[in-house]
Number of protein chains: 2
Amino acid sequence: MDFQQIRYFLALAKELHFWNTAGKMNITQSALSRQIQSLESELGVLLFERNKRNVKLTPAGKFLKDKWEVELNEMEFIHQFARQIHLGERGTIRIAHPDSISASIIPDIMASISNAFPRLQIELVQVLYENQQEFLLNYKIDLIITRDMNSAPGIRSEKIYTDNLSIVVPENHPYRTIDDLSKETLQQQKFILPIKDEGSSYSDIIHQMFKALEVVPDVYLHSEFGSTIIALVRKGLGVAILPDSYMYHESPGLRFIKLPFKTDLYLNWRAEDHNPVLSNVLKLILN
Amino acid sequence: MDFQQIRYFLALAKELHFWNTAGKMNITQSALSRQIQSLESELGVLLFERNKRNVKLTPAGKFLKDKWEVELNEMEFIHQFARQIHLGERGTIRIAHPDSISASIIPDIMASISNAFPRLQIELVQVLYENQQEFLLNYKIDLIITRDMNSAPGIRSEKIYTDNLSIVVPENHPYRTIDDLSKETLQQQKFILPIKDEGSSYSDIIHQMFKALEVVPDVYLHSEFGSTIIALVRKGLGVAILPDSYMYHESPGLRFIKLPFKTDLYLNWRAEDHNPVLSNVLKLILN
DNA sequence: TCCATTAATGCAATTTACGCATTAATGGAT
DNA sequence: ATCCATTAATGCGTAAATTGCATTAATGGA
């Protein structure tokens with residue numbers, strides 16, 4: 001059974017005239033007649049009561065007219081929807097990102113996506129450092145922004161942004177500009193730092209920074225969560241080294257003093273993932 | 001687009017293997033490959049991501065698999081339903097009948113129909129004498145049982161039953177058997193009779209009966225409604241001439257005395273009505 | 001009774017679908 | 001690293017289906 005046959009049937013059910021219908025459907029009366037016959041015999045249902053003069057729907061034909069009209073519309077809608085999925089205009093994408101950028105570049109990225117593809121559903125999630133690779137490879141997330149270059153097989157990684165590192169101090173702290181910093185005073189600070197994850201280039205950079213400053217930091221506390229770190233600094237429990245992106249969180253009571261060190265942000269995705277939604281989002285972010 | 005193509009797609013979406021699927025669908029891998037390609041190009045949607053080694057659904061393919069499964073089941077259900085309509089096993093038929101037989105042959109007819117065609121919906125209606133023909137010809141009813149032969153063009157009529165006429169008297173009435181009746185006493189009765197409709201053979205018969213008995217009835221009241229007539233007789237307001245069928249109404253306080261006159265019941269329907277439900281019901285009633 | 005209309009049908013031509021055989025890509029085994 | 005078995009795609013000839021044209025047969029109206 002062919003959709004076209006059903007379209008012929010619906011047209012004929014409206015017109016109730018083989019010649020007129022054939023004309024409208026751009027076939028000959030002969031073809032239409034045979035298509036209807038073929039439909040009837042395949043269904044095992046007489047659709048029209050017809051003689052050489054009149055054509056009218058049988059009760060079963062009337063029933064099918066009503067039902068098929070609905071079903072064909074439904075089908076057309078489904079196919080339209082499928083086309084949008086195919087073009088990456090519909091669908092869901094799960095993006096993981098570090099807390100630090102949730103107020104800096106993430107809003108820009110989201111705005112850009114929802115502007116270009118308003119029908120996309122985006123799920124923003126946070127993923128612990130040790131789960132990042134597994135979640136990506138097991139399709140729990142589709143895209144992840146990290147501060148580490150990822151070189152695992154099957155994962156592609158591109159640098160998308162570079163953050164400055166700042167030292168974050170409470171408003172009443174004597175550090176006011178970069179010039180106030182000295183090896184001696186730094187040595188006296190209590191530091192609140194991110195957890196030093198194995199192989200994390202981000203914590204490496206912080207480590208290298210202290211090396212370059214020739215300071216061995218007195219680490220008061222390690223936390224994976226930037227918001228926790230910021231709250232602790234505000235309470236005067238220590239100072240922190242954080243990427244500038246945290247400035248966008250508009251947290252009062254803090255001062256960011258830019259340091260001459262940088263940390264990169266990378267976009268990571270499955271190399272073999274051809275999901276058109278992903279392709280579209282990648283194009284947008286990497287532009 | 002062909003339903004068969006969608007069935008091929010669904011099979012392949014389950015198997016994810018062209019050779020195995022082709023075998024199960026009883027075609028060659030070549031044909032299956034081309035059918036899927038044709039489906040993809042007609043839809044404008046890539047359904048499978050495939051190389052010479054692996055086959056997997058695209059997001060759009062996954063979506064269509066879920067949707068099409070539902071739609072195809074829906075369609076199969078619709079077609080099954082249509083087949084039942086075609087065979088006259090499903091549908092609605094509106095049957096009109098005189099009040100008199102609602103407790104005699106109507107229950108038998110209903111039982112017979114619902115036994116043979118349990119899915120049929122029957123609507124029983126009452127139609128005033130003057131509307132009978134119009135309602136039938138205008139498809140307001142499909143079948144009508146009358147006490148008059150109908151010979152209008154486009155209407156077929158078949159005799160299905162013959163009722164005896166009885167004189168109906170209250171229980172305390174002196175008439176006990178047919179032998180108690182005499183011209184003289186009949187002349188003294190007050191009669192409650194049906195309305196003498198123009199061209200109604202039924203009221204004709206009652207008229208002829210009185211002529212044969214050489215009695216001119218003292219008609220106290222005319223009513224079209226048998227139940228009204230019966231109620232009036234029970235109250236002692238007169239006696240009536242009614243078809244035996246009323247005996248089945250189990251009305252207490254009445255005596256039916258059979259008279260040597262008969263009245264026929266006819267089944268009437270549109271001659272050109274080929275509704276299979278009607279055909280089935282006709283076959284049952286006329287057997 | 002005749003005629004115009006119209007659905008069905010025979011036939012030839014065209015288009016489409018199919019199976020067979022082959023090709024080309026790929027993942028796993030040696 | 002190389003070879004091989006597996007497997008989806010494809011070229012080609014044949015079979016099947018669909019189509020249009022012309023004709024037929026039925027039917028309602030003049």
Side-chain angles (χ1 to χ4, degrees), chain A residues 1-58 60-62 65 137 153-154 270-274, chain B residues 1-58 60-62 65 137 153-154 270-274:
Chain A
M1 197 173 315
D2 200 301
F3 282 104
Q4 191 57 34
Q5 290 179 313
I6 296 180
R7 279 184 218 107
Y8 289 152
F9 163 78
L10 290 177
L12 181 58
K14 270 206 193 82
E15 291 280 330
L16 296 177
H17 192 287
F18 276 76
W19 280 87
N20 296 351
T21 307
K24 288 199 181 178
M25 302 307 274
N26 299 312
I27 51 170
T28 59
Q29 171 266 328
S30 149
L32 177 61
S33 185
R34 272 183 256 249
Q35 289 292 342
I36 298 294
Q37 285 168 28
S38 139
L39 194 55
E40 287 179 324
S41 85
E42 186 174 349
L43 272 175
V45 171
L46 190 72
L47 298 172
F48 295 97
E49 220 179 301
R50 48 204 191 272
N51 50 35
K52 304 259 166 186
R53 207 70 187 171
N54 289 308
V55 178
K56 61 180 273 211
L57 283 165
T58 60
K62 175 82 179 66
K65 172 177 185 276
L137 289 172
R270 291 178 293 277
E272 79 295 356
D273 189 340
H274 299 122
Chain B
M1 197 174 316
D2 200 301
F3 282 104
Q4 190 59 33
Q5 290 179 311
I6 296 181
R7 279 184 217 107
Y8 289 151
F9 164 79
L10 289 177
L12 181 59
K14 270 205 192 83
E15 292 279 331
L16 295 177
H17 192 287
F18 277 77
W19 280 87
N20 296 349
T21 307
K24 287 198 181 178
M25 298 274 106
N26 301 311
I27 52 170
T28 59
Q29 172 266 329
S30 150
L32 178 60
S33 186
R34 272 184 254 249
Q35 289 293 341
I36 298 294
Q37 285 169 27
S38 137
L39 194 54
E40 287 179 324
S41 85
E42 185 173 351
L43 273 175
V45 171
L46 189 72
L47 299 172
F48 296 97
E49 215 178 307
R50 49 202 191 272
N51 50 35
K52 304 256 166 186
R53 205 75 187 171
N54 290 307
V55 178
K56 63 178 272 209
L57 282 165
T58 60
K62 174 83 181 67
K65 171 179 184 273
L137 288 173
R270 290 179 293 276
E272 80 295 353
D273 189 341
H274 299 122

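First the proteins, then the strands, lettered A, B, ... as listed; each starts at 1. The shown structure was predicted, so the numbers you read here are calculated from the model rather than taken from an experiment.
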_What is the separation between atom CG on B/Leu47 and atom C1' on D/dA9, rounded to the nearest whole Å?_
16 Å

_Given 3.5 Å as the limit, does a donor-acceptor pair link the side chain of B/Ser38 with the main chain of B/Arg34, or not?_
no

*Using a cut-off of strictly less than 4.0 Å, decide whether A/Trp19 has a side-chain nitrogen or oxygen near OP1 or OP2 of C/dA7.*
yes

*What does D/dT27 pair with, Watson-Crick or G-U, if both distances are under 3.5 Å?*
C/dA4

*Just how far, in rounded Å, is P of C/dT6 from NZ of A/Lys56?*
18 Å

*More 5' along DNA chain D: A/Thr28 or A/Asn51, using each one's nearest nucleotide?*
A/Thr28

*Among D/dT7, C/dA7, C/dG27, which nucleotide sits nearest the side chain of A/Val55?*
C/dA7

*With both distances kept under 3.5 Å, what pairs with D/dA1, Watson-Crick or G-U wobble?*
C/dT30

_Shortest non-hydrogen contact from A/Met1 toward A/Ile6_ = SD-CD1, 4.4 Å

*How close or far is atom C1' of D/dT7 from atom CG of B/Leu16, stated in whole angstroms?*
14 Å

*Considering only heavy atoms from C-beta outward, does the side chain of B/Glu40 approach that of B/Ile36 to under 4.5 Å?*
yes

*Whole-Å distance separating the CD1 atom of A/Ile27 from the C1' atom of D/dA17*: 14 Å

*Near-strand residues of residues 29-45 of chain B, defined as heavy-atom separation under 4.0 angstrom from DNA chain D*: B/Gln29, B/Ser30, B/Ser33, B/Arg34, B/Gln37

_In whole Å, I'd like the distance from the CZ atom of A/Arg50 to the P atom of D/dT27._
14 Å

*Find out whether A/Phe48 and A/Leu16 are in side-chain contact, i.e. whether some heavy atom of one side chain is under 4.5 Å from a heavy atom of the other.*
yes

*Calculate the interatomic distance between A/Tyr8 atom OH and D/dT18 atom C1'; express it in whole Å.*
10 Å

*Please state how far atom CE in B/Met25 lies from atom P in C/dA17, giving the value in whole angstrom units.*
18 Å

*Between C/dA7, D/dG28, D/dA8, spot the one nearest the side chain of A/Asn54, thanks.*
D/dG28

*Answer yes or no: side-chain N or O of A/Arg53 and base N or O of C/dT5 forming a donor-acceptor pair under 3.5 Å.*
yes

_Measuring only between side-chain heavy atoms, which start at C-beta, is A/Lys14 closer than 4.5 Å to A/Leu10?_
no

*Salt bridge check: are A/Glu15 and A/Lys56 linked by an N-O gap of less than 4.0 Å?*
no

*Should the heavy atoms of other residues, nucleotides or ligands under 6.0 Å from NZ of A/Lys24 be counted, would the total exceed 12?*
no

*Return the value, rounded to whole Å, for the distance between atom CG of B/Asp2 and atom P of D/dA17.*
12 Å

